[in-house]
Structures are given as structure tokens and as C-alpha cells.
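Taking it in order: structure first as C-alpha cells, then the write-up.
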Number of protein chains: 2
Amino acid sequence: MTTIGDVAKAAGVSVATVSRALRGVDRVSPRTRDRVLAAATELHYVASPAATSLVSGRTRGVGVITPYFNRWFFATVVSGIEKILREEGYHVLLCDLEGHTFDTRLPITQSMLWKRADGAIILNVPPLPSERSVLERLGMPVVTVGNQQPGWPSVRIDDRAAMAIATQLAIDLGHREIGYAGTVPASITHLQTPFDRRESFTQVLSDNGLECPPEWTLECDWTAAGAAEHANRLFDRPHFPTCIVAASDEMAFGVMSAARRHGLDVPGDVSVIGIDDHVHAEIFDLTTVRQDVEAQGRRAGRLMLDALHGRDSANIIDEVHDVQLMVRGSTGPPRRRSSRTRSRRAATAVGAPATVGSPAS
Amino acid sequence: MTTIGDVAKAAGVSVATVSRALRGVDRVSPRTRDRVLAAATELHYVASPAATSLVSGRTRGVGVITPYFNRWFFATVVSGIEKILREEGYHVLLCDLEGHTFDTRLPITQSMLWKRADGAIILNVPPLPSERSVLERLGMPVVTVGNQQPGWPSVRIDDRAAMAIATQLAIDLGHREIGYAGTVPASITHLQTPFDRRESFTQVLSDNGLECPPEWTLECDWTAAGAAEHANRLFDRPHFPTCIVAASDEMAFGVMSAARRHGLDVPGDVSVIGIDDHVHAEIFDLTTVRQDVEAQGRRAGRLMLDALHGRDSANIIDEVHDVQLMVRGSTGPPRRRSSRTRSRRAATAVGAPATVGSPAS
DNA sequence: TTGAAAGCGGTACCAC
DNA sequence: GTGGTACCGCTTTCAA
């Protein structure tokens with residue numbers, strides 16, 4: 001279609017002048033500028049990003065590397081990033097690393113970023129050594145979200161602290177039999193968060209002289225459906241915890257669902273706590289530890305822009321965002337009961353509401 | 001970093017030979033080829049997409065234009081598209097049109113696609129005439145998802161049929177007082193789906209001699225939270241419908257939540273039906289009309305690839321995917337009741353489960 | 001089979 | 001203030 005040459009011809013000037021006039025840099029006489037602008041508009045001229053990028057060496061794109069993209073947390077982070085970048089004329093290059101199973105992922109390669117993006121934002125996946133060297137060779141600014149990596153600025157919450165808050169709430173409510181939902185992937189290089197949260201959970205328990213037996217640990221894939229499936233099996237057992245702490249709200253939803261299907265009252269028979277404050281957490285009255293996911297995305301976008309504009313802060317910043325305990329209706333003190341006399345009843349319809357009663361009843 | 005010239009030097013051949021060897025086209029002697037490959041690997045050479053694209057005129061990118069990106073439906077479609085495109089070495093350029101309010105959006109511009117993508121997939125937004133001419137001027141293949149546009153292949157469900165199924169279920173269950181959740185944006189050029197679904201709902205009702213008064217129509221923004229807010233006001237009224245049909249599962253979630261907070265039994269006091277089969281619909285036992293969203297994304301990606309490879313089918317295909325009624329626990333026949341004697345009770349805790357009882361009790 | 005060279009569409013330096 | 005022109009890195013004739 002229209003090239004800069006066409007505009008030059010139409011405006012009766014040289015391509016150099018068109019380039020200057022269009023970008024508003026350098027001095028161009030107002031009259032010439034107007035003629036050029038008119039011609040450009042007339043011809044629907046838009047500069048070819050390929051050509052611009054070839055000569056300038058920059059792309060105005062930022063690679064966003066995400067382990068899953070079709071999950072609330074990641075989509076929300078990306079959305080935050082995108083809004084900030086767009087304000088400054090940058091766009092997002094989506095690099096989805098989703099593999100075939102929960103604990104595999106695609107590698108970060110040079111060709112997904114090289115000359116395609118001016119910087120990279122990595123969501124939650126700790127790069128392998130080989131991936132690190134790719135990133136270093138690329139020589140572009142990197143910002144991480146969700147965990148801290150040496151040498152790169154980061155935006156995140158303190159996963160251990162968040163989980164400690166959730167676990168402590170369970171203990172403070174009087175629970176002593178506490179289950180956990182949230183697998184740690186086989187490879188820690190896949191995701192750090194599952195590891196940190198689980199470790200923190202175990203730590204807080206043991207600090208309080210408690211422990212969570214393996215059969216109360218739901219090894220699910222961080223989806224609601226996966227958690228529901230495992231929780232269903234848990235609730236089939238004669239004895240199960242009075243509270244389940246889930247490493248994410250989505251898993252917590254699955255646990256709540258399984259409880260209801262078993263005719264169990266939440267929180268009467270079992271309390272459920274999540275982490276995230278998922279967009280549906282309030283709707284489903286889930287007690288959780290809130291993090292502002294989109295804000296983290298926006299901050300990561302901003303840090304990237306700063307780095308791109310050479311406004312690198314002298315020291316590498318590690319921005320740890322606050323979390324906030326949101327106590328809602330899914331938690332309460334344990335109901336005094338033995339495994340025999342608990343109020344379980346047959347669910348009359350799949351998923352029908354269970355019992356009536358306030359948490360304290 | 002490394003350019004084709006560096007590789008040529010290292011391999012002791014010309015850049016032309018490097019180019020040929022690396023892409024496996026044309027004849028290159030095996031020995032030369034090996035030397036080039038070795039040098040390229042050694043130097044971590046990756047061709048600059050900008051340069052390649054400048055000369056070839058193609059980018060191996062496909063623009064995906066979406067009204068919102070951080071919503072389950074759209075993220076899932078994009079995920080499906082991305083998986084297919086990636087297989088053939090194409091990548092996704094995300095163009096998020098999200099505006100500041102539910103019924104505004106950013107325009108589709110030439111500069112977001114021009115020389116950046118080889119084709120465009122448009123999700124659910126009917127282009128304005130001016131946007132159509134941009135797309136036509138660009139001369140790239142276009143595929144639409146979610147609705148049909150003249151001249152372009154499309155992948156979608158029949159929104160009217162889907163809503164008719166949902167509405168008919170309500171009627172078949174015996175409901176006569178039926179409410180609706182799902183605003184139609186002020187501008188029909190924003191989204192077509194809300195319009196189609198609402199119209200179909202109204203149509204089926206009137207075919208059955210029924211109607212939905214304005215005060216039972218929840219004008220919410222297609223989010224769970226928005227629907228919950230409006231449903232809360234509805235349930236505050238002395239008289240409200242025995243069934244609410246929501247134009248999306250997310251809104252249905254909001255309605256269910258509001259019902260529970262009002263101490264209402266679902267489906268005893270009020271039935272709820274959605275459309276989509278959202279990833280959490282089964283978990284929350286929501287009756288809905290299922291569509292396979294990711295499959296639609298994959299098909300759209302495939303159609304795009306076909307067009308890109310010149311395998312254009314002679315006639316423009318309009319692929320209408322099947323939907324499937326999923327009857328779950330959120331629906332049942334209306335309980336015989338007047339507005340005075342219904343089983344409403346004070347919610348003991350926000351969101352506490354309501355009553356016990358099978359749908360038929 | 002391989003190399004030289006002419007672009008692809010811009011930008012930026014250097015004259016005028 | 002404006003025009004000429006040498007690249008940016010790669011692909012693709014055209015010759016050798």
C-alpha cells in the first residue's frame with residue numbers, strides 16, 4: 001500500500017521531509033508540514049513498523065511471558081500491563097508457555113523475543129539457567145511478576161506471608177485439623193508460588209504444633225474442577241479436616257462445591273479459605289487473602305516503561321505489594337463434633353444447599 | 001547482536017548462501033549447509049523478523065481483536081486461537097478494545113494491524129462502516145468469532161437458538177414469571193450477542209403468551225458482580241420472578257449469589273439459568289446452555305491459517321457450532337407460593353446456605 | 001551451487 | 001528548512 005515515497009510525491013517534498021513532518025521532530029516549516037499531513041491522511045499512510053524497527057532497532061513491543069494465559073490471575077495481570085503500555089504506544093506480545101500438563105511448560109526461546117520486543121515481563125515462572133542466558137544475551141530489560149529473580153526488578157506479593165495469614169486465621173478460629181489444596185509441580189522451575197505457599201502452610205502448622213497428613217493434602221492442578229474432584233474423595237472419607245486452606249481461590253471454589261455436594265455445611269462442617277480474591281470470591285462469599293492483581297500488572301508495565309526510557313532506578317527494585325485478609329462467610333470456628341456425629345446428611349439434589357445455620361451456631 | 005553477515009563470515013560464505021541454507025529452500029551443498037548451520041548455532045543467530053518482514057511483506061502474526069480480554073469467554077477463545085497458530089509458527093497480536101465503560105470501546109484502527117499482522121480475527125464486535133473500510137483497505141483475510149459479518153468467514157453459535165433453549169427450559173419447568181439478566185449496550189455496534197440473546201428471550205416469552213416486565217430485567221454489565229448488585233435489588237422487592245434467565249453464566253453466578261444472600265433457596269425459591277458453560281458452571285451446579293468456546297477459537301485459527309495459505313474455500317463459510325443444554329441443580333419447577341408466603345427467611349450470615357429441600361419438595 | 005547486488009520502507013546524517 | 005543518500009538485515013533475482 002502507500003509508502004513514504006507516495007506521500008512525498010503527493011506532497012511534492014522529499015521522503016526525508018515527510019519523515020520529519022510526520023514525527024514532529026526537527027524543524028519543518030508549518031506550510032510544508034500541513035501539506036505532508038494532508039497528503040498522508042489522504043493516502044491513509046501509516047509507517048511500516050518493520051521498516052521503522054529495522055532502522056531504529058526498537059519495536060515498541062513488550063513480550064509478556066506467561067505459564068497459562070487462560071487463567072484469571074494471568075489474564076488479569078496481562079490486562080493491567082497492557083493498559084499501561086498502550087498509554088505510551090507500546091503493545092503486548094503474548095508468549096504463552098502452557099504445556100500439555102500442569103507441570104510442564106514450553107521453554108522461553110530466543111526467537112520468541114529477538115527483535116520482536118524491546119523488553120520482557122515474566123509472570124511467575126522462574127527461568128531455567130539456559131533461559132536466563134537467553135534473556136541475558138538478548139540484552140533487553142526484564143521485569144518479573146509473582147516472584148523475585150536476581151538482577152531483575154520485580155512486582156509481587158509475599159507468597160509465604162499471604163499463606164501464613166490464611167493458615168493463621170484457620171488456627172485462630174480454633175481449627176486443629178486443617179487440610180490443604182494445591183499441588184507443587186514436579187519441577188520447581190515451573191512455578192515458584194505453589195512451592196512457597198505450601199511451605200509456608202506447613203511451617204505455620206508446625207509452629208503451632210500441628211501437621212497436615214498426606215491424605216488431607218489435595219494434590220490438584222490449581223483448577224476449581226481439579227480441586228473439586230480431590231475434595232470429593234476427601235469428603236468420602238470417614239474423617240476429614242474441619243478447615244481446608246487452598247492455595248488459590250479457584251481451588252477453594254472447587255472445595256466449597258465438593259462440600260456442598262456432600263451435603264456439608266460451609267463453614268459449619270468445614271471452613272474454606274483461599275488466596276487471591278478472585279473476581280468471583282466475593283460473589284461466592286469466600287474468605288480469602290486479597291491481592292490486587294491488576295495493580296501488580298500495571299506496576300510491572302510501569303517498571304518496564306521506566307527501563308525502556310532509560311529511567312532505570314539505580315538499584316533493582318523488588319516491589320512487594322500488600323495483601324489483605326478478607327473474612328467472609330466461608331470460615332467459622334470448628335463445630336464440636338466427632339467424625340460420627342457430624343451433621344452430614346444426604347444431599348437431596350446434587351449441589352443443593354446444605355444446612356441452615358450461622359457460623360457460630 | 002549477530003546478523004546474517006556475521007554468520008556468513010564465520011562460515012566463509014556469502015549472506016545469500018546463509019539465507020538459503022538456513023531456510024532449507026533452494027539447492028545448497030550439504031557441506032556448505034552444515035557449516036552454515038554450525039556457525040548459526042554457535043553464534044545464536046536468529047533472523048530479525050523486522051528485516052524478514054520488510055522484504056517478504058509478511059509478519060507471521062495474526063491480530064486478535066477483542067472487546068475485553070480479561071473475561072473468561074474471550075481469554076478462552078484467544079487461547080484456542082493461539083494454540084493453533086503457534087503450531088504453524090504464527091503468533092497472536094492482542095488488540096484489546098476495552099473502553100472505560102461496558103458499552104464503549106476503542107475503535108479498530110489501521111495502525112494496530114498495518115504491517116503488523118497478516119490477518120485479523122475479530123471477536124464478537126461488529127465493525128463500524130469506517131472500521132470495515134479500514135479492514136478492507138488493509139486487504140488482509142478476516143475471520144470473525146461470535147457473529148457473522150457479510151463477506152467474512154465466521155465461527156459462532158446461534159445466539160438466538162441458545163437463548164431460546166434456555167428460555168424454553170424455564171417455561172417447560174412451569175415458570176411463568178421469568179426475569180432476565182443482561183443489558184444490551186447502548187450502541188449495537190459494540191456487541192451483537194447481547195442484543196440477539198435478549199431479543200430471542202423476549203420472542204420465546206411472547207410466543208408463549210408471557211412477558212418480562214422492565215423491573216425484572218436486570219440491566220447489568222455482564223459481570224457477576226454487576227448482576228449480583230441488580231439481583232439484590234430485585235430480591236428486595238415484594239414480588240420477584242420464580243426463574244431468572246441470564247445471558248451469560250457469569251451473570252447467572254451473580255444472581256445465584258444474590259439469591260443466597262437473601263436467604264432464598266435455589267432452585268426452590270428461584271431458578272437460575274445461564275449460557276456458556278463457564279469453567280466454573282459445573283462446580284457451582286449451574287444449569288446452562290453449553291458452547292465449546294475453545295473449540296471455536298481453534299476453528300477460527302484454522303480458518304485463518306487456511307486463508308493465509310491461500311486455501312481459501314470457494315464460498316465464505318459460516319460455521320455454526322452446536323450448543324447443548326446442561327441441566328444441573330440451579331433449576332427446578334416453581335414452588336407454589338404467593339409473594340407473601342414464600343419461604344424466604346433472614347439470611348443468618350451473609351451468603352449462608354439457605355434452605356434444605358429438593359427442587360420438587 | 002554460490003556470490004553480487006538491488007531492493008523492502010523507513011531514519012538520520014550531511015550538505016545545501 | 002529541505003533534499004540526497006547511506007544504511008538497518010534480510011530475500012531474491014541474475015550471473016558466474
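As the structure is a computational prediction, the values presented were derived from the model and not from experiment. Within every chain, numbering begins at 1; the chains are lettered A, B, ... in the order of the sequence lines, protein sequences first and strands thereafter.
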From [atom1] of [X] over to [atom2] of [N], roughly how many Å is that when rounded to an integer?
X	N	atom1	atom2	result
A:Leu54	D:dC10	CG	P	9 Å
B:Arg20	D:dA15	CZ	C1'	12 Å
A:Ile4	D:dC7	CD1	P	19 Å
B:Arg60	D:dT11	CZ	P	12 Å
B:Leu22	D:dT12	CG	C1'	16 Å

Interatomic distance, A:Arg156 atom CZ to A:Asp318 atom CG [nearest 0.5 angstrom]: 4.0 Å
Between the main-chain N or O of [Y] and the side-chain N or O of [X], is there a donor-acceptor pair closer than 3.5 Å?
X	Y	value
A:Thr66	A:Phe74	no
B:Arg137	A:His44	no
A:Arg132	A:Pro127	no
A:Tyr68	A:Phe102	yes

Under-4.0 Å salt bridge between B:Arg302 and B:Glu88: yes
Check this for me: does any side-chain nitrogen of one of A:Glu87 and A:Lys83 sit under 4.0 Å from a carboxylate oxygen of the other? no
Heavy atoms under 4.0 Å, any strand shown: does A:Val13 hit a base, just sugar-phosphate, or nothing? sugar-phosphate
Against B:Tyr90, only a single residue in B:Ile84, B:Thr59, B:Asp118, B:Ile81 fulfils side chain to side chain contact (heavy atoms under 4.5 Å, CB included); can you say which? B:Asp118
Taking 4.0 Å as the cut-off, does a side-chain nitrogen or oxygen of B:Ser19 come that near to OP1 or OP2 on D:dT11? yes
Nearest heavy-atom pair of A:Ile65 and A:Ala120: which atoms, and what distance? CD1-CB, 4.4 Å
Hey, which sits more toward the 5' end of DNA chain C by its nearest nucleotide, B:Ser14 or B:Val55? B:Ser14
Along DNA chain C, first and last positions that approach a heavy atom of chain B under 4.0 Å: C:dT1 to C:dG9
Give, ordered by number, those residues of residues 28-48 of chain A having at least one heavy-atom distance below 4.0 Å to an atom of DNA chain D; if nothing qualifies, reply none. A:Val28, A:Ser29, A:Thr32
